Amino acid sequence: GLFNTTYLELAIQISIFAGLALGLNIVVGFAGLLDLGYVAFFAIGAYLWAMFTSPADTIFTTSGWVLSPNLISGGFIIFIFLAVGVAALAGILLGLPVLRLRGDYLAIVTLGFGEMIRVLVRNLDDPINFTNGSQGLHNIGRPDTPDILHNLTNGLAGLFNRPIDNTDFVARQLMFYFIGLIVLVVIMLLARRLENSAIGRAWTAIREDEVAAIAMGVPLVRMKLLAFATGASFAGAIGVLYAAKQTFIDPSSFVLLQSIQILAMVIVGGIGGIRGVILGAMIVTLLDLH
């Protein structure tokens, strides 16, 4: 990846989509709730970071709410946690109206929710410009690359006796590679702990038979809302990482096809698994890029 950044880019994309697939696996695999609007939570996280860091002519720029360059690096970590909370709240708001739905009906409603969010961000440029509409948000802020990664890049180039043309770009790619890995590992650990907890067993009971789960005392409403909120929070965190890496987002980045692609990763890897879902994300991402 140091000498051909295509490999680094591929690894970053796999980390991003594997994190999204693990989040959707909470909803679909653990709790058995078919969600076709999952990309909406991804968009919420991405736009949350983009609106506060992009110099586009929005109300955030004109009102002086955009983060200054020296605050972006520290603000990036804060906004990841903020996106977790905002996306979880959106997951609860989605879950409330669909508590009594299941199967195809649930899929249709969640599909509509995903499209609503996309249409909303496309039209939130008038009368007050929040999202810059279909033009998207450009030059989104990204954290500064630590000096240690510059030194690592130059050191490895010297070790292998192969010069690197653009050290800054490679070091930045390495930064997002490591951030992606860290976020993915945290999501994996959380998913594993949830799977083996009382909450995970309650989700499994709901997935297998809602009526039997209720009869055994499983709090259906609370567990369903918790599944939506947990899956959404993972997507919100990944959305911040995605926006910072791409530095440009627009409504076309969050279409229905993205939700279907993430669902395909879960299905290919095996619904309800964790290692299988990561493998599914790798396979689908490779097929999509080639």
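Because the structure is a prediction, the values reported are computed rather than measured.
- Under the 4.5 Å side-chain heavy-atom criterion for ILVMFWY residues, no single connected hydrophobic cluster contains both I92 and F234.
- In terms of the side-chain hydrogen bond (donor to acceptor under 3.5 Å, both in side chains) criterion, residue partners of E210 (sequence neighbours excluded) are, by chain and number, R102, K224.
- Inter-residue side-chain proximity for L111 and D35 is flagged as unmet; no heavy-atom pair is nearer than 4.5 Å.
- Within a 6.0 Å radius of CD in Q246, more than 12 heavy atoms belonging to other residues, nucleotides or ligands are found.
- Partners of S63 by side-chain hydrogen bond (donor to acceptor under 3.5 Å, both in side chains), not counting sequence neighbours: none found.
- Considering every non-hydrogen atom in both S252 and V255, the closest pair reads O-CG1, 3.5 Å.
- Taking the side chain as every heavy atom from C-beta outward, F3 and V170 never approach each other to under 4.5 Å.
- Checking side-chain atoms of S233 against main-chain N and O of V84 turns up no donor-acceptor pair under 3.5 Å.
- In terms of modelled atom types and a separation under 3.5 Å, the side chain of T153 and the main chain of L149 share a donor-acceptor contact.
- T167 contributes atom OG1, which lies 10.0 Å from atom CG of L2 (distance to the nearest 0.5 angstrom).
- Minimum interatomic distance between A43 and I117 (heavy atoms only, all atoms of both residues): CB-CG2, 4.4 Å.
- V277 has its side chain out of reach of I274: every pair of non-hydrogen atoms, C-beta onward, lies at least 4.5 Å apart.
- Ring-plane geometry between Y47 and F254 is classed as tilted, the angle between the planes lying from 30 to 60 degrees on a 0 to 90 degree scale.
- Here L67 pairs with W49, T53, I72, F79 under the side chain to side chain contact (heavy atoms under 4.5 Å, CB included) rule; sequence neighbours left out.
- Two residues are said to be in side-chain contact when any heavy atoms from C-beta on lie closer than 4.5 Å; N139 and F248 fail this criterion.
- Expressed to the nearest 0.5 Å, how far CD1 of I267 lies from CD1 of I262 amounts to 12.0 Å.
- Of the possible donor and acceptor atoms, one in the side chain of N25 sits under 3.5 Å from a partner among the backbone N and O of G272.
- In terms of modelled atom types and a separation under 3.5 Å, the side chain of T230 and the main chain of A227 share no donor-acceptor contact.
- When only modelled atom types and interatomic distance are considered, S253 and D250 share a side-chain donor-acceptor pair under 3.5 Å.
- Note: I214 CD1 to I206 CD1 = 8.0 Å, rounded to the nearest 0.5 Å.
- A side chain to side chain donor-acceptor pair (under 3.5 Å) check over residues 183-192, counting only residues at least two apart or in different chains, returns the pairs R192-E195.
- For the pair M51 and T58, the minimum side-chain heavy-atom distance is 4.5 Å or more.
- Sorted by first and then second residue, the pairs that involve residues 112-135 and meet salt bridge (charged side-chain N to carboxylate O under 4.0 Å, His left out), not counting sequence neighbours, are E115-R118.
- Counting heavy atoms of neighbouring residues, nucleotides and ligands inside a 6.0 Å radius, atom CE of M282 does not exceed 12 of them.
- Taking hydrophobic clusters as Ile, Leu, Val, Met, Phe, Trp and Tyr residues chained together by side-chain heavy-atom distances below 4.5 Å, L20 does not share a cluster with L257.
- Counting heavy atoms from C-beta on, the side chains of L48 and L82 come closer than 4.5 Å.
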*When you look at V266 and L22, which way does the side-chain contact (heavy atoms from CB on, under 4.5 Å) test go after all the steps?*
CA-CA 8 Å; V266 176; L22 285 171; over 6 Å; no
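- When the side-chain hydrogen bond (donor to acceptor under 3.5 Å, both in side chains) test is applied to D168, the partners found at least two apart in sequence or on another chain are H150.
- L33 is listed as a side-chain neighbour of L106, based on a closest heavy-atom distance under 4.5 Å.
- How far CG of L36 is from CD1 of I108: 9.0 Å, rounded to the nearest 0.5 Å.
- Of the possible donor and acceptor atoms, none in the side chain of T5 sits under 3.5 Å from a partner among the backbone N and O of L8.
- Listed here is the closest heavy atom pair of A18 and A281: CA-CB, 3.6 Å.
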*Should T131 and L120 be marked as a side-chain contact (heavy atoms from CB on, under 4.5 Å) after you check the CA-CA gap, both sets of side-chain angles, and the distance that decides it?*
CA-CA 9 Å; T131 62; L120 184 65; over 6 Å; no
_If you apply the rule side-chain contact (heavy atoms from CB on, under 4.5 Å), what do you find for V86 with I44, and how did you get there?_
CA-CA 8 Å; V86 173; I44 287 171; 3.8 Å; yes
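- The hydrophobic clustering, which links ILVMFWY residues whose side-chain heavy atoms are closer than 4.5 Å, places M265 and V268 together.
- Legend: ring-ring contact (aromatic ring centres under 6.0 Å, His included) pairs involving residues 161-210, not counting sequence neighbours: none detected.
- When all heavy atoms of P251 and G133 are compared, the closest pair comes out as CD-O, 3.5 Å.
- When every heavy atom of A83 is checked against every heavy atom of G45, the shortest pair comes out as CB-CA, 4.1 Å.
- With sequence neighbours left out, N151 forms a side-chain hydrogen bond (donor to acceptor under 3.5 Å, both in side chains) with no residue at all.
- The side chain to side chain donor-acceptor pair (under 3.5 Å) analysis of residues 258-284, with sequence neighbours excluded, yields no pairs.
- Summarising the local packing, CD1 of I148 is surrounded by 12 or fewer heavy atoms from other residues, nucleotides or ligands at distances under 6.0 Å.
- Atom CG of N70 has more than 12 heavy atoms from other residues, nucleotides or ligands within 6.0 Å.
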*asked:* What verdict does the side-chain contact (heavy atoms from CB on, under 4.5 Å) test give for I80 and L241, after you've listed the backbone C-alpha separation in whole Å, the side-chain angles of each residue and the deciding distance to 0.1 Å?
replied: CA-CA 8 Å; I80 285 181; L241 172 61; 5.6 Å; no
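- Within the structure, ring-ring contact (aromatic ring centres under 6.0 Å, His included) contacts touching residues 89-140 (residues at least two apart or in different chains) are F41-F113.
- The distance from atom CD1 of I12 to atom OG1 of T285, rounded to the nearest 0.5 Å, is 12.5 Å.
- Remark: D144 pairs with S73 by the side chain to side chain contact (heavy atoms under 4.5 Å, CB included) rule, at least two apart or across chains.
- For the pair N129/I59, no side-chain contact is recorded, criterion being any heavy-atom separation below 4.5 Å from C-beta on.
- The structure places CG of L10 at 9.5 Å from OG of S15, a figure rounded to the nearest 0.5 Å.
- The salt bridge (charged side-chain N to carboxylate O under 4.0 Å, His left out) pairs that include a residue from residues 256-266 number zero, where partners must be two or more places apart or lie in different chains.
- For the side-chain contact (heavy atoms from CB on, under 4.5 Å) with V183, the qualifying choice from I179, V185, V186, L181 is I179, the only one to do so.
- Linking Ile, Leu, Val, Met, Phe, Trp and Tyr residues whenever their side-chain heavy atoms come within less than 4.5 Å leaves L101 and V221 in two separate clusters.
- Linking Ile, Leu, Val, Met, Phe, Trp and Tyr whenever their side-chain heavy atoms come within less than 4.5 Å puts L256 and Y242 in one cluster.
- Considering every non-hydrogen atom in both G231 and I26, the closest pair reads N-CG2, 4.2 Å.
- Between the side chain of D288 and the backbone N or O of V284 there is no donor-acceptor pair closer than 3.5 Å.
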